[in-house]
Amino acid sequence: KLVNKINEFIYENELGFRSRSLHMQPIKPNGSLIIYHEGNTGLFYRNSRVLTKFLNEGYEILAFSMWINDQRPEINVPGAGLLKFMDHSYLQFIKSPLSIYFNPIVAGINQLTRKTLYDNIIGIGFSGGGWVLTVYSAIDTRINLSYPVAGTYPLYLRKYRNWSTWQETWPKLINAANYLDLYVMATDGIGRRQVQIINQFDGCCYSGLDWQTYSDIVKEASNNLDGNGWDIFVDDTHADHKLSNNSVLKIINDINNYKK
């Protein structure tokens, strides 16, 4: 038995977007909280083997699914009528599209930190969830360690499938902070650090060796801040779009080296 208690958190906004997350408390907690965010292809349960590994290490987990897998609301859009929001591109019809991704995380962390002072709050995201954690860890300094997996490339490297979904290339986001900025921002602050994980032979996206064009630049910029730097880990042990056992071990080892 790994879990002492599981609570369901439900966040619903005024437009009908509903996020369901699970807070899992291990039998022997180690004082740290992991925020885990799954990608576009299923609920977070699909990576239960990954969550189990972190629970076994004593981490509390607050796990989220992508909104398109939680609830797709019907919204009355001026000029178009009642639309069922089927994918990310529909968010261009609402006022604050990125809030759909980030507000449930804010609410979840706020709820948990009212009662518990965590030694570390760690962000881990896979695929589309890797994008969520890339952006979120840049703007919420409570995340001191972050590990986005197969989640982003800078815009200048994106083509074909790497162009990805609508929100990742939303002009207002890019104008505020491009992806290189976001990587560095996640390391700004005492004890803060980010390790980007790339699957070298990923059959979906963000594969190959293009990361070599920016990694040294981001490392150098992050080293000028007061955090624990930015790094990249390239997983060449498989040819799948997944968070592998090898990457999980890398994350656990890095946390152990840099946690408070």
Side-chain angles (χ1 to χ4, degrees), residues 13 17 19 35-40 64 66-67 88-110 121-159 161-198 205-206 210-233 254 258:
N13 75 358
F17 289 92
S19 168
I35 306 298
Y36 177 80
H37 206 296
E38 185 57 56
N40 295 312
F64 292 86
M66 189 65 77
W67 71 267
H88 301 279
S89 63
Y90 285 72
L91 296 181
Q92 63 190 296
F93 294 115
I94 66 175
K95 185 176 180 180
S96 301
L98 297 192
S99 68
I100 305 305
Y101 303 94
F102 305 134
N103 282 2
I105 304 177
V106 174
I109 294 177
N110 287 350
I121 300 180
I122 301 158
I124 301 173
F126 169 67
S127 192
W131 171 82
V132 173
L133 261 301
T134 294
V135 181
Y136 189 79
S137 59
I139 60 179
D140 189 341
T141 58
R142 293 177 295 180
I143 305 287
N144 61 298
L145 299 172
S146 56
Y147 303 89
V149 182
T152 68
Y153 256 169
L155 234 59
Y156 73 90
L157 291 175
R158 294 191 182 211
K159 57 183 178 181
R161 293 191 71 176
N162 283 348
W163 192 251
S164 196
T165 48
W166 175 83
Q167 83 287 355
E168 295 195 20
T169 56
W170 188 41
K172 288 187 177 180
L173 170 63
I174 304 304
N175 288 338
N178 65 43
Y179 282 96
L180 300 181
D181 294 330
L182 294 170
Y183 301 159
V184 175
M185 288 167 64
T187 71
D188 185 19
I190 295 173
R192 301 189 75 219
R193 172 175 172 80
Q194 182 172 92
V195 177
Q196 183 184 52
I197 296 177
I198 298 289
C205 33
Y206 313 123
D210 287 345
W211 54 270
Q212 294 176 341
T213 64
Y214 65 84
S215 60
D216 287 345
I217 297 170
V218 177
K219 287 179 184 179
E220 182 178 356
S222 68
N223 287 338
N224 291 324
L225 303 175
D226 55 2
N228 281 327
W230 184 92
D231 207 349
I232 193 162
F233 174 69
D254 198 79
Y258 290 96

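We're numbering straight along the sequence, starting at 1. Basis for what follows: all heavy atoms, side chains included, without hydrogens, waters or symmetry-related copies.
In this structure, CD on Glu220 lies 11.5 Å from OG on Ser215, to the nearest 0.5 angstrom. Between Asn224 atom CG and Thr187 atom OG1 the span is 9.5 Å, to the nearest 0.5 Å. Between Phe126 atom CZ and Ile197 atom CD1 the span is 11.0 Å, to the nearest 0.5 Å. Note: Trp230 CH2 to Leu225 CG = 13.5 Å, rounded to the nearest 0.5 Å. Here CH2 of Trp131 is found 10.0 Å from CG of Asn40. Values are rounded to the nearest 0.5 Å. Atoms CH2 and CG, on Trp170 and Leu98 in that order, are 5.0 Å from each other to the nearest 0.5 Å.
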* For side-chain contact (heavy atoms from CB on, under 4.5 Å), just list the numbers for Asp226 and Asp188, CA-CA rounded to whole Å, side-chain angles, deciding distance to a tenth of an Å, and then say yes or no. => CA-CA 6 Å; Asp226 55 2; Asp188 185 19; 3.8 Å; yes
* **Candidate pair Tyr136 and Ile35, rule side-chain contact (heavy atoms from CB on, under 4.5 Å), full reasoning** => CA-CA 11 Å; Tyr136 189 79; Ile35 306 298; over 6 Å; no
* Can you check side-chain hydrogen bond (donor to acceptor under 3.5 Å, both in side chains) on Asp254 and Tyr147, steps first, answer last? -> CA-CA 10 Å; Asp254 198 79; Tyr147 303 89; 2.7 Å; yes
* **Chi angles and distances behind the side-chain contact (heavy atoms from CB on, under 4.5 Å) call for Tyr206, Trp211** => CA-CA 9 Å; Tyr206 313 123; Trp211 54 270; over 6 Å; no
* Please lay out, stage by stage, how Ser146 and Gln194 fare under the test side-chain hydrogen bond (donor to acceptor under 3.5 Å, both in side chains). => CA-CA 5 Å; Ser146 56; Gln194 182 172 92; 3.0 Å; yes
* **Worked check of side-chain contact (heavy atoms from CB on, under 4.5 Å) between Leu91 and Tyr101** => CA-CA 11 Å; Leu91 296 181; Tyr101 303 94; 3.2 Å; yes
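Side-chain N or O atoms of Asn144 include one that pairs as donor or acceptor with a backbone N or O of Ile121 at under 3.5 Å. When atom types are taken as modelled, the side chain of Ser127 and the backbone of Gly39 share no donor-acceptor pair closer than 3.5 angstrom. One N or O on the side chain of Gln92 and one on the backbone of Ser89 form a donor-acceptor pair closer than 3.5 Å. With Asn175 contributing its side chain and Pro171 its backbone, the two residues share a donor-acceptor pair below 3.5 Å. Of the possible polar contacts, none joining the Arg193 side chain to the Gly227 backbone as a donor-acceptor pair under 3.5 Å is found. For the pair Arg192 (side chain) and Met185 (backbone), a donor-acceptor distance under 3.5 Å is present.
Between Trp166 and Tyr90, every side-chain heavy-atom pair lies at or beyond the 4.5 Å cut-off. Annotation: side chain of Leu133 is not in contact with side chain of Ile124 (no heavy-atom distance under 4.5 Å). Residues Ile100 and Asn13 form a side-chain contact, since some pair of their non-hydrogen atoms from C-beta on lies under 4.5 Å apart.
Here the shortest heavy-atom pairing between Gly123 and Ile143 reads N-CG2, 3.8 Å. The two residues Tyr183 and Gln196 come nearest to each other via the heavy atoms OH-NE2, 3.2 Å. When every heavy atom of Val132 is checked against every heavy atom of Phe102, the shortest pair comes out as O-CE2, 3.6 Å. Scanning both residues, Ile105 and His37, for their nearest heavy atoms gives CD1-CD2, 4.0 Å. The shortest heavy-atom contact between Gly191 and Leu145 is O-CD2, 4.1 Å. Summarising the geometry of Tyr179 relative to Glu168, their closest heavy-atom pair is OH-O, 2.6 Å, with the distance given to 0.1 Å.
Within a 6.0 Å sphere centred on CG of Leu155, other residues, nucleotides and ligands contribute more than 12 heavy atoms.
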